[in-house]
Enquirer: 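Sharing a structure with you now.
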Protein chains: 2
Amino acid sequence: MDNKNKSLSKNQKIVLDFIQKNKKPVKAYSILSNVQKKGINAPPQVYRALDKLIEKGKVHKVESQNSFVACKMANCDTPHATIFSICYECDNASEINDTKLFNYLSEFKDSSGSIFDGYNLEFFGTCNSCKKN
Amino acid sequence: MDNKNKSLSKNQKIVLDFIQKNKKPVKAYSILSNVQKKGINAPPQVYRALDKLIEKGKVHKVESQNSFVACKMANCDTPHATIFSICYECDNASEINDTKLFNYLSEFKDSSGSIFDGYNLEFFGTCNSCKKN
DNA sequence: GTAGTAGTGTTATAATATAACATAATTTTT
DNA sequence: AAAAATTATGTTATATTATAACACTACTAC
Ligand SMILES: [Zn+2]
Ligand SMILES: [Zn+2]
Ligand SMILES: [Zn+2]
Ligand SMILES: [Zn+2]
């Protein structure tokens with residue numbers, strides 16, 4: 001069985017549950033302060049849960065923001081091939097599900113003909129909601 | 001005149017000079033400890049120089065590594081449209097100069113038809129040098 | 001039921017980045 | 001050339017993000 005389909009531990013469930021409640025990406029220390037009532041007391045407990053959730057494809061890290069967001073694609077096949085659009089007004093991050101772009105990047109070869117194991121793509125702009133205001 | 005073509009300040013020159021001496025991306029505090037003999041004493045001086053060098057297209061940040069690397073393309077036209085391949089064995093980061101991919105991403109529209117102002121793409125894999133070993 | 005693996009709890013600390021304030025240098029405007 | 005505006009510098013302190021290390025527990029596989 002794939003690692004990503006294994007069941008979640010207690011702390012992993014608590015952390016994932018909080019992340020899923022938020023539309024926007026959340027910071028690790030925000031997770032910590034919000035789950036302390038559930039018995040998670042210290043940063044390593046959060047970061048360990050995050051590491052596993054990322055491995056399992058349940059959560060992605062938004063690298064340019066050091067924040068974490070739940071996968072909206074009902075389980076990313078490839079946790080290390082992610083595409084986001086990020087609004088620099090409101091910090092919202094939307095996972096982009098575009099098969100053509102996905103394939104384009106998965107098959108991309110560099111000048112030496114090498115293919116890559118994964119990628120992370122972050123687009124920046126103003127989201128539709130912020131454009132209206 | 002474009003901001004990126006403006007001349008560099010004293011601290012910006014010192015920081016850029018050190019980054020350019022390194023093939024691999026360097027960390028901010030590594031920059032700091034290496035330029036202290038040049039009179040740069042504290043983190044804000046390094047981070048401020050980095051911010052300006054990034055604006056001017058001389059330096060890019062490798063987001064997944066919190067490190068900084070000199071632009072190899074003799075001045076990136078678009079400092080906020082960068083493509084890297086990163087080796088997870090040796091941490092080397094190479095800027096990819098692929099016009100087709102560049103255009104593909106610049107013109108990419110999301111499901112709502114919106115185009116973006118910029119992007120950052122990081123490919124992950126084993127570099128050719130590490131593959132041989 | 002023992003061995004191996006994955007998870008937890010805890011303390012301390014490392015690594016990355018910015019706030020805030022005072023001053024100086026440079027550029028632009030008048 | 002003087003005043004105003006902008007950009008850069010120097011400095012101290014602190015905020016934010018992330019991991020090391022160690023003791024212990026729970027789960028899984030054979
Ligand atoms: Zn996903
Ligand atoms: Zn927005
Ligand atoms: Zn460049
Ligand atoms: Zn390598």
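It should be emphasised that the depicted structure is a prediction, and the values quoted were computed from it without experimental measurement. To find a chain, count down the sequence lines: A is the first, B the second, and so on, and within it residues start at 1.
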Enquirer: Considering only heavy atoms from C-beta outward, does the side chain of B/Phe68 approach that of B/Val15 to under 4.5 Å?
Expert: no
Enquirer: Summarise protein proximity over nucleotides 13-30 of chain D in one line of letters, 5' to 3': B for base, S for sugar-phosphate only, - for none, counting protein heavy atoms closer than 4.0 Å.
Expert: ----BBBBB---------
Enquirer: Would you jot down, in residue-number order, the residues of residues 9-17 of chain A having a non-hydrogen atom under 4.0 Å from DNA chain C?
Expert: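 Within this stretch, A/Ser9, A/Lys10, A/Asn11, A/Gln12 sit under 4.0 Å of the strand.
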Enquirer: Indicate the ring-plane relationship of B/Phe108 and A/Phe123, choosing parallel, tilted or perpendicular according to the 30° and 60° boundaries.
Expert: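 If you compare the ring of B/Phe108 with that of A/Phe123, the planes turn out parallel.
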Enquirer: With a 4.5 Å heavy-atom cut-off, do A/Phe84 and A/Pro25 have their side chains touching?
Expert: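 Of all side-chain heavy-atom pairs linking A/Pro25 with A/Phe84, none is under 4.5 Å.
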Enquirer: Please tell me whether B/Gln12 and B/Lys56 have a donor and an acceptor in their side chains that are separated by less than 3.5 angstrom.
Expert: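 On atom types as modelled, these side chains qualify, holding a pair under 3.5 Å.
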Enquirer: Does the B/Glu63 side chain pair with the main chain of B/Asn120, one donor and one acceptor, at a distance under 3.5 Å?
Expert: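 Not a single qualifying donor-acceptor pair exists.
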Enquirer: Taking all non-hydrogen atoms of both residues, which atom of B/Gln20 and which atom of B/Ala70 are closest, and how far apart?
Expert: CG-CB, 3.7 Å
Enquirer: Before giving the answer on side-chain hydrogen bond (donor to acceptor under 3.5 Å, both in side chains), spell out for B/Ser85 and A/Asp110 the whole-Å C-alpha distance, their side-chain angles and the decisive distance to 0.1 Å.
Expert: CA-CA 9 Å; B/Ser85 70; A/Asp110 69 10; 5.2 Å; no
Enquirer: Starting at atom CD of A/Gln45, determine the distance to atom P of C/dT10, rounded to an integer number of angstrom.
Expert: 7 Å
Enquirer: Whether A/Asn41 contacts C/dT10 is assessed here as follows: a side-chain N or O lying under 4.0 Å from the phosphate OP1 or OP2. Is that the case?
Expert: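 Result: yes.
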Enquirer: Could you check A/Ala42 against A/Ala49 and say which one's nearest nucleotide on DNA chain C is further toward the 5' end?
Expert: A/Ala49
Enquirer: Could you walk me through whether B/Ile83 and B/Leu105 pass the side chain to side chain contact (heavy atoms under 4.5 Å, CB included) check?
Expert: CA-CA 10 Å; B/Ile83 310 174; B/Leu105 294 175; 4.2 Å; yes
Enquirer: Starting at CG of B/Leu50 and ending at P of C/dA17, how long is that distance when rounded to a whole Å?
Expert: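 Interatomic distance, CG of B/Leu50 to P of C/dA17: 9 Å.
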Enquirer: Between P on D/dT9 and CG on B/Leu32, what's the gap in Å once rounded to a whole number?
Expert: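 Distance, rounded to whole Å: 15 Å.
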Enquirer: Which whole-number value in Å describes the distance from A/Leu53 CG to C/dG7 C1'?
Expert: 13 Å
